[in-house]
Amino acid sequence: MKTLLGLILIASLMADQPRKALLFYTESGEAIWKSQVETLSASQKGINERDIKIKSIPYNEENRSEWRKWEIDSTSKFTFLLIGRDGGEKLRSDEIVKAEKLFGLIDAMPMRKAEVKRN
């Protein structure tokens, strides 16, 4: 019984965490980053529906620990990471991720299916 209550508590805490799209880029990858931001901005309704927080993380001294945490190569121009509600990495790409691909991946996740069913 304690195990079941613990699992329910963990699930409810994870549901409160937004999904994250982390956009890592260097100065030479700024054009790719801008295109990715524009792509996501054009699909703001879908971003909001899926509770995705977008965070841009340029390579600089202030953000170096974030780059290390997610094991991003500092020589990479651009890296897109999707982090699920559970804190795990769900997608990594060095190319622009189209909204349709992002939404399809999220919509196939069990937690998203449960969200849709509840709503």
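What's counted below: heavy atoms across the whole structure, side chains too, no hydrogens, waters or symmetry copies.
Lys55 has its side chain within reach of Ile57: a pair of non-hydrogen atoms, C-beta onward, lies under 4.5 Å apart. Proximity of Ile47 to Phe103: side-chain heavy atoms (C-beta onward) are separated by under 4.5 Å at one or more points. A 4.5 Å side-chain heavy-atom check between Thr26 and Pro58 finds every atom pair outside the cut-off. Under the 4.5 Å side-chain criterion, counting only non-hydrogen atoms from C-beta, Trp70 is in contact with Phe24.
The cluster map of Ile, Leu, Val, Met, Phe, Trp and Tyr, joined by side-chain heavy atoms under 4.5 Å apart, puts Ile52 and Leu22 in different clusters. Put simply, Met109 and Val97 are part of the same group of oily side chains (I, L, V, M, F, W, Y) that touch within less than 4.5 Å, one to the next.
The heavy-atom pair separating Phe80 from Ala21 by the smallest distance is CZ-CB, 3.9 Å. Of all heavy-atom pairs spanning Pro18 and Arg85, the tightest one is CA-NH1, 3.8 Å.
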Table please: side-chain donor-acceptor pairs of residues 37-46 below 3.5 Å, with sequence neighbours left out.
{"from": "Thr39", "atom 1": "OG1", "to": "Ser35", "atom 2": "O", "distance (Å)": "2.9"}
{"from": "Ser41", "atom 1": "OG", "to": "Val37", "atom 2": "O", "distance (Å)": "2.8"}
{"from": "Gln44", "atom 1": "NE2", "to": "Asn48", "atom 2": "OD1", "distance (Å)": "3.0"}

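Other residues, nucleotides and ligands contribute only 12 or fewer heavy atoms inside 6.0 Å of the NZ atom of Lys77.
To the nearest 0.5 angstrom, Leu102 atom CG is 8.0 Å from Gln36 atom CD. Here the straight-line distance linking atom NZ of Lys101 with atom CD1 of Ile106 works out to 12.0 Å at 0.5 Å rounding.
Take Glu89 and apply the side chain to side chain contact (heavy atoms under 4.5 Å, CB included) test, not counting sequence neighbours, and it matches Leu81, Ile83, Arg92.
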- In sequence, state the C-alpha distance, the side-chain angles, and the governing distance for Ile72 and Glu66, and then conclude on side-chain contact (heavy atoms from CB on, under 4.5 Å). CA-CA 9 Å; Ile72 307 297; Glu66 194 83 7; over 6 Å; no
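Judged by distance alone, the side chain of Ser76 and the main-chain N or O of Phe78 form no donor-acceptor pair under 3.5 Å. A donor-acceptor contact shorter than 3.5 Å is absent between the side chain of Gln17 and the backbone of Gly87. At distances below 3.5 Å, at least one donor-acceptor pair connects side-chain atoms of Arg19 with backbone N or O atoms of Arg50.
The one candidate from Ile32, Ile54, Thr79 that meets the side chain to side chain contact (heavy atoms under 4.5 Å, CB included) condition with Leu23 is Ile54.
Aromatic ring orientation, Tyr25 versus Trp33: parallel (interplanar angle below 30°, classes split at 30° and 60°).
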